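If you read the sequence from its start, that first residue is 1, and numbering goes on from there. Keep in mind that what you see is a predicted model, and the values were worked out from it rather than measured.
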Amino acid sequence: MIACAGLVVTASAADWGVTLNPDRTVTLGREGGVAIPNTYPTAHSLALGDLEGRYYADAQLTRNGDVATVVYTDPKLPTLTIEYRIDGDKVMAQAWVEDPSGLGVDRFAVINSKGASVLPADGDNRNMTMPFDNDKFRGYCANPWQQGLDCTSYECATFYDAASRQGVVVGSVEHDTWKTGILSQCGDNGQLASLEIFGGIVDYETNDVIPDEGPILTRHGAVKGAKVKSPLVMIGAYADWRDALEAYGAANAERAPKRPWSGGTIFAWQSWGGMADHLNYEGAIDVSNFFRSELPAFKSEQGKTYMVLDAFWDNMTEEQLKDFADTARANGQIPGIYWTPFSFWGGYDGLGWKLPSDSSLCYRDVVITAHGVPRKIGGAISLDPTHPATEQLIKWQFAKFRQWGYEYVKLDFLNSGSLEADRFYRPEITTGMQAYNYGMGIVDRVAGSDFFVDLSIAPVFPSQYGNARRIACDAWNAIDHTQYMLNSLSGSWWLDQVYAYNDPDHLVLREVSEGENRMRFTTGAMTGTVLLGDNFSLKGSYLGNQDVRDRALSIATNQAVLDVARLGRSFRPLYGGMNTAFKHYDQPYSVDDAYYLVDGDNAYLAVYNFTDRPTTRTIPLADLGLSRCSSATELWSGSTLTPGSTLTLTIPPTDVALIRLKQ
């Protein structure tokens, strides 16, 4: 039982205590040392400035079952309320401010705390940050604890001890209105000098403040009304930080369930990895025929293979697009295609072009602006997701896709639809995330159950509009590309709680060693999304070669490895220290080298060797959650290992071992 000076809210050692302090701040405490002291909500009102709970004239705490509510009142200020809902390992917190005359709030903090105790003082402690989206090669950082270290994370942050695995996760579980930021500063090891969880972050990472790409907005859109709510946030303390993130994913899925999908894992060819802007009709047909004749067993557990035309499919005529889809279907394959629903690629000079879906409007009529200038990101001008013409364009394009016979769509550069703006067409929509949800809601309804929807260059959340999401930016064939994708998996494997599958990007095999091919291909097997990306055509205007075909015939025909992909589940990091440093496009990152998955009576272990010399690793079975193992097989080579209480394996230079262990 937890005794608190104010109110005791506890039913067992798993519960949290909520204390209202004399200075009108709140302390959240949990047996075992986790404490978030002296916290209070703060709403920034456009008219009144900061409304800080600690400065109100009065505060009252009440309890109703597992819900503790603090109401802040002041005769000169709107009423400010925060609710803490206690649920075992986690607390769900949400604040709101009320004023009958109406409010405009552009920043709303749920947690403002100094001196939070979150981890053991003597641990291998980490402060893990998550990017807002997967643009610009953003990655996950498992920052070693260092006093004075400032960290910014988006939607979710995790504090954990890589040695004991104890962890605390904090983050938003509603993504309909706010961009949520988590600002933290490390204090003494295991303590946070400061922690703030708030809706309303705008900066370079949210793509709102990138001067090189066009006009910027430095303030989040204001949420307006007589009652304005903060994001709903989760604070969870768990014995294992990986369980913490999976619980956070489950909490998000509870409020916004996964987009339904019963069509199995994704085995595919995707044109961007090898053909890119040279995509051509004859070559694409030849690739489809190659998969039919020479890779007939490259199929999902439901016997499906997808042929996906990426960007530059408009190199083909409509008749060719239809014929490609017909050819793929005749070859026993499912045709897929690509689109960017919120991006206009004609530049400022092309804003006078007519919309193909409505010749009465020009693109300049449909864009969003900052300070009156059209907003731009990633080379494209951003369309207003709330404009009726955008909805008409979405319906028009999907009608074309259906007419041509396509059933899979990769939607790219979606962060273009999440930018803040001077205003949106629909006046009740005032924030970038409200606009994004509105536009993606249209996409979701129009796509219906006819399409598998794969999101790319997309915010991590909201998640309910896609069956899959690309978790990293473009990743190709070399070892640092594999490491970069694994960096994202190390921090986001748990997103398969909210998406059917994590997408590790196209798997490109050309021009590197066989070991590097196995490494890159294994990243697909570890997620359930296997997208071969090379140019396998020997016909058409942009030829591949026999070497890349031979690589696919060697790598993509290992049925034991493909069976792992057919499980459709993402591996979790084994240790989570992300202790291997590397550079990708001259940017510094770090990554784990071991990942695992337990599936019924089988466990799977992937161990990577990123060095240029052989390495020997000894893994205790207990680290995999196993008490025994009857047999172990390395799936790439087929060789057997003899496990005891530990598993010892030697991995060649720049290669991977993928082990199946039977309990």
Side-chain angles (χ1 to χ4, degrees), residues 1-43 50-74 77 79-97 108-121 157 159 166-173 182-185 187-188 190-198 229-239 244 251:
M1 178 175 288
I2 306 166
C4 298
L7 173 71
V8 177
V9 180
T10 180
S12 70
D15 284 338
W16 295 70
V18 180
T19 304
L20 178 61
N21 302 312
D23 62 357
R24 293 175 295 284
T25 66
V26 169
T27 296
L28 302 176
R30 190 173 188 212
E31 190 169 318
V34 176
I36 300 176
N38 307 317
T39 181
Y40 53 91
T42 300
D50 285 331
L51 306 171
E52 298 189 40
R54 60 178 174 167
Y55 293 140
Y56 270 62
D58 186 54
Q60 296 293 324
L61 185 151
T62 59
R63 175 195 173 188
N64 182 10
D66 290 330
V67 179
T69 305
V70 181
V71 180
Y72 298 90
T73 56
D74 191 298
L77 297 172
T79 301
L80 181 61
T81 304
I82 188 164
E83 179 181 277
Y84 303 97
R85 185 176 296 273
I86 297 167
D87 183 11
D89 293 312
K90 63 182 181 290
V91 176
M92 310 300 289
Q94 187 165 40
W96 58 90
V97 60
F108 208 146
V110 187
I111 297 292
N112 282 287
S113 178
K114 306 290 184 184
S117 297
V118 291
L119 294 173
F159 315 107
Q166 179 179 333
V168 171
V169 62
V170 299
S172 55
V173 295
I182 298 101
L183 306 180
S184 60
Q185 184 182 74
D188 291 338
Q191 287 194 323
L192 290 168
S194 63
L195 173 65
E196 183 180 13
I197 309 171
F198 69 99
K229 289 186 175 183
S230 75
L232 176 65
V233 305
M234 171 181 161
I235 304 106
Y238 292 78

Between Asn64 and Thr69, is any side-chain donor less than 3.5 angstrom from a side-chain acceptor?
->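 No.
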What's the separation between atom [atom1] in [X] and atom [atom2] in [Y], rounded to the nearest 0.5 Å?
| X | Y | atom1 | atom2 | value |
| --- | --- | --- | --- | --- |
| Ser184 | Glu196 | OG | CD | 11.0 Å |
| Tyr72 | Tyr55 | OH | OH | 12.5 Å |
| Ile86 | Met92 | CD1 | CE | 12.5 Å |
| Lys90 | Ile235 | NZ | CD1 | 11.5 Å |
| Leu51 | Phe108 | CG | CZ | 8.0 Å |
| Arg85 | Leu232 | CZ | CG | 9.0 Å |

Could you walk me through whether Trp96 and Glu83 pass side chain to side chain contact (heavy atoms under 4.5 Å, CB included), step by step?
-> CA-CA 9 Å; Trp96 58 90; Glu83 179 181 277; 4.0 Å; yes
Might you work through the side chain to side chain contact (heavy atoms under 4.5 Å, CB included) test for Leu195 and Ile182, ending with a clear yes or no?
-> CA-CA 7 Å; Leu195 173 65; Ile182 298 101; 3.9 Å; yes
Indicate yes or no for a side-chain donor-acceptor contact from [X] to the backbone of [Y] under 3.5 Å, with no hydrogens or angles considered.
| X | Y | value |
| --- | --- | --- |
| Thr39 | Asn112 | yes |
| Asn38 | Thr25 | no |
| Gln94 | Ser230 | yes |
| Thr73 | Thr79 | no |

Shortest non-hydrogen contact between Ser113 and Pro37, atoms and distance |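 Taking every non-hydrogen atom into account, OG-O, 2.7 Å.
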Which pair of non-hydrogen atoms, one from Ala237 and one from Val34, has the smallest distance, and what is that distance?
->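 Heavy atoms only, the tightest pair is CB-CG2, 4.0 Å.
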Would you say the side chain of Arg30 lies within less than 4.5 Å of the side chain of Asp89, judging by non-hydrogen atoms?
->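 They are in contact (side-chain heavy atoms under 4.5 Å apart), so the answer is yes.
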Can you name the residues that form a salt bridge (charged side-chain N to carboxylate O under 4.0 Å, His left out) with Arg54, not counting sequence neighbours?
->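 Checked Arg54 against salt bridge (charged side-chain N to carboxylate O under 4.0 Å, His left out); matches are Glu52.
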Go through the steps to decide whether Val18 and Val26 satisfy the test side chain to side chain contact (heavy atoms under 4.5 Å, CB included), and finish with yes or no.
-> CA-CA 7 Å; Val18 180; Val26 169; 3.9 Å; yes
Could you please spell out the steps behind the side chain to side chain contact (heavy atoms under 4.5 Å, CB included) verdict for Ile82 and Tyr40?
-> CA-CA 8 Å; Ile82 188 164; Tyr40 53 91; over 6 Å; no
